[in-house]
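Every number for a ligand or one of its atoms is a count from 1 in the order of the listing.
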Amino acid sequence: MNVEKIMQKLEQKNPGEQEYLQAVREVLESIEDVVNENPQFEAANIIDRIVEPDRVITFKVQWVDDKGNVHVNRAFRVQFNNAIGPYKGGMRFHPSVSLSSLKFLGFEQIFKNSLTTLPMGGAKGGSDFDPKGKSPNEIMRFCQALMTELYKYIGPDMDIPAGDIGVGGREIGYLFGMYKKIIREHHGVFTGKGRTWGGSLIRPEATGFGNVYFAQEMLKTRGESLSGKTVAISGFGNVSWGSAIKATQLGAKVITISGPDGYIYDPDGISGEKIDYLLELRASNNDIVKPYSYEFPNAQFHQGKRPWEVKCDIALPCAIQNELNAEDAKMLVHNGCMCVSEGANMPCTPEAVEIFLENKILYGPGKAANAGGVSTSGLEQTQNAMKLNWSEEEVEERLRQIMINIHDACVKYGKEEDGYVNYVNGANIAGFMKVAQAMMDQGVF
Ligand code: NDP
Ligand code: 2IT
């Protein structure tokens with residue numbers, strides 16, 4: 001297997017799809033040796049087959065705003081690979097959504113879902129619709145319009161969407177409502193549903209909780225814990241607030257959160273009622289992080305900056321892809337940061353990752369560290385299939401155990417001769433082996 005040759009071919013075939021190409025390159029570089037050691041994979045052309053989505057569905061969404069203006073958005077569902085289970089992955093509503101971003105996310109999801117130990121294939125979907133500034137009725141009409149097309153391609157044993165950026169419990173409710181009306185069946189076709197109609201307890205915070213559990217496992221390998229550590233977090237969506245709550249519970253102090261226009265530094269720690277206050281701001285569709293600095297005067301808002309310039313022990317990027325670059329990585333390492341755990345998907349650029357690995361700090365890539373969200377989705381599907389509800393404690397304990405298992409798999413495949421754990425290689429190899437083997441077992445069709 002020759003990574004450069006494969007990448008050249010992919011670049012020609014997928015021009016301009018930078019995020020997709022970035023995600024593929026990272027995986028190929030990690031698995032090169034194991035593929036070369038397993039000639040049966042090459043003989044079955046597993047690599048060419050795994051980098052190509054099974055199918056991409058693209059469609060138009062037309063909707064009417066509150067003033068009567070008619071809008072058109074583009075929506076997608078990328079069904080990447082269903083070798084180990086039905087397609088599974090979130091829906092993202094954000095103006096940056098493109099075929100490239102959803103192909104990168106769908107590709108990552110294959111390996112992430114494989115790591116969870118649950119039977120889930122990889123998919124992703126979304127639209128370039130921007131929920132910012134839209135009224136609840138506009139959001140509802142958009143979700144309903146989107147579902148009049150998407151329903152044809154999904155199902156509880158076929159493809160099970162969930163949330164992602166811009167898609168939370170409210171949007172899942174509107175999407176599911178329309179699906180149910182068209183299909184005339186009430187089943188677990190979505191995860192992240194409301195608690196009273198099939199949703200799993202703690203799904204909203206599960207990605208953040210899992211991310212912190214993963215960081216905890218990484219820290220343990222060095223005899224460290226979260227207790228007394230300072231934590232820089234980016235974003236303030238589901239993944240960020242879940243991470244902030246769990247990090248605080250485990251004795252750390254969260255000192256930053258951010259939005260696209262800047263970050264908040266709060267030396268007193270962001271926890272308890274401050275998180276409640278931020279969630280209220282978020283619910284009101286506000287300019288969310290800046291007003292925090294008026295409410296809590298010790299906090300400062302840094303316009304146009306990212307939180308990575310703040311001295312911290314642990315960094316949890318939880319916003320969006322490529323939000324932490326080489327300069328940020330150098331600053332974190334210079335300031336003594338010992339652990340970076342990705343709540344977001346691919347938030348660190350390849351150059352930033354290189355700096356973390358060179359400096360041998362603990363670095364947990366998203367497909368391992370943020371797998372707690374989709375794992376809890378898998379648990380929600382299990383409960384739906386059994387028509388049972390587990391308690392919060394039961395769900396969280398299963399989530400914690402899954403994160404420990406994912407960490408163990410990364411150590412198994414990523415430990416280097418000097419004892420350093422390269423979690424990037426570990427996650428990619430562990431995730432790949434299972435899917436590749438399943439593809440081999442099922443033949444070419
Ligand atoms: P949300 O929509 O709940 O939150 C996204 C957050 O990121 C918001 O605070 C948003 O700010 C902020 N943000 C968006 N763009 C930027 C930017 N350019 N710079 C700084 N902040 C930005 O999404 P989630 O929390 O669900 O998702 C966050 C990340 O976690 C994504 O990468 C997602 O793929 C990943 N993830 C999510 C999972 C889930 O279960 N939800 C599971 C695994 C990974 P604002 O609202 O002001 O725009
Ligand atoms: O990136 C992700 O793993 C998610 N957005 C969650 C996917 C899911 O199906 O729960």
Side-chain angles (χ1 to χ4, degrees), residues 19 85-97 101-102 104-113 115-116 118 120-126 130-133 159-172 188 190-193 200 202-211 233-244 256-264 278-279 281-283 285-290 304-308 316-324 342-348 365-381:
E19 292 147 318
Y87 301 109
K88 179 85 194 89
M91 293 287 288
R92 176 177 290 191
F93 293 170
H94 193 268
S96 69
V97 162
S101 62
L102 296 181
F104 119 64
L105 288 159
F107 183 71
E108 291 273 295
Q109 201 80 42
I110 305 171
F111 307 98
K112 184 195 302 193
N113 292 2
L115 284 170
T116 66
L118 303 173
M120 300 183 289
K124 198 82 185 189
D130 186 358
K132 274 224 169 108
D159 182 358
I160 305 98
D164 193 79
I165 294 180
V167 179
R170 175 181 63 175
E171 290 73 22
I172 297 289
F190 270 91
T191 57
K193 300 185 289 297
S200 180
I202 73 152
R203 176 63 190 88
E205 50 275 68
T207 311
F209 280 18
N211 185 26
I233 293 183
S234 60
F236 197 71
N238 281 320
V239 181
S240 310
W241 66 259
S243 298
T256 70
I257 51 153
S258 74
D261 51 349
Y263 76 91
I264 292 281
L278 281 161
L279 289 174
L281 276 183
R282 202 170 164 69
N285 226 353
N286 233 305
D287 172 12
I288 81 142
V289 295
K290 200 172 178 182
K305 296 277 185 63
R306 299 195 281 210
W308 318 125
L316 304 177
C318 295
I320 200 160
Q321 63 269 17
N322 294 327
E323 55 158 316
L324 193 162
E342 295 184 340
N345 287 304
M346 208 168 75
C348 300
K367 62 171 77 68
N370 72 38
V374 75
S375 301
T376 307
S377 281
L379 299 178
E380 182 170 326
Q381 287 177 257

Got an N/O contact under 3.5 Å between Asn345 and ligand 1? yes

Thr256 side chain to Ile264 backbone, donor-acceptor under 3.5 Å: no

Output the list of atoms in ligand 2 that are nearer than 4.0 Å to some heavy atom of Lys112, sorted by atom number.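 Every atom of ligand 2 under 4.0 Å from some heavy atom of Lys112: 1 (O), 2 (C), 3 (O).
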
Tell me whether Glu108 reaches ligand 2 (any heavy atom closer than 4.0 angstrom to a ligand atom). no

Min heavy-atom dist Gln109 to ligand 2 below 4.0 Å: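 For ligand 2, residue contact (heavy atoms, under 4.0 Å) with Gln109 is present.
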
I'd like to check whether Gly163 has a polar contact with ligand 2, where a contact means an N/O of the residue lying under 3.5 Å from an N/O of the ligand.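 There is such a contact, yes.
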
Which option wins on minimum heavy-atom distance to atom 37 (C) of ligand 1: Val239, Ile165, Asn238, Ile320? Val239

Nearest heavy atom to atom 40 (O) of ligand 1: which of Gln321, Lys290, Arg203 does it belong to?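 The option holding the nearest heavy atom is Arg203.
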
Please give me the minimum heavy-atom distance between Thr376 and Ser200, naming the atom from each residue. CG2-OG, 4.0 Å

How close do Lys88 and Ala162 get, heavy atom to heavy atom, and via which atoms?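 Result for this residue pair: NZ-CB, 3.6 Å.
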
Does Gly343 reach ligand 1, in the sense of a heavy atom lying below 4.0 Å from it?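 True for this residue.
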
Below 4.0 Å from ligand 1: does a non-hydrogen atom of Arg306 turn up there or not? no

Closest protein heavy atom to [atom], given as residue, atom name and distance to 0.1 Å:
atom                    : value
atom 10 (O) of ligand 2 : Ser377 OG, 2.5 Å
atom 7 (C) of ligand 2  : Gly90 N, 3.5 Å
atom 6 (C) of ligand 2  : Arg203 NH2, 3.5 Å
atom 9 (O) of ligand 2  : Lys88 NZ, 2.7 Å

Just let me know how Thr207 lines up against ligand 2, side chain, backbone, both or neither, with a heavy-atom cut-off below 4.0 Å.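 Within the 4.0 Å criterion, Thr207 makes no contact with ligand 2.
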
Under-4.0 Å salt bridge between Glu323 and Arg306: no

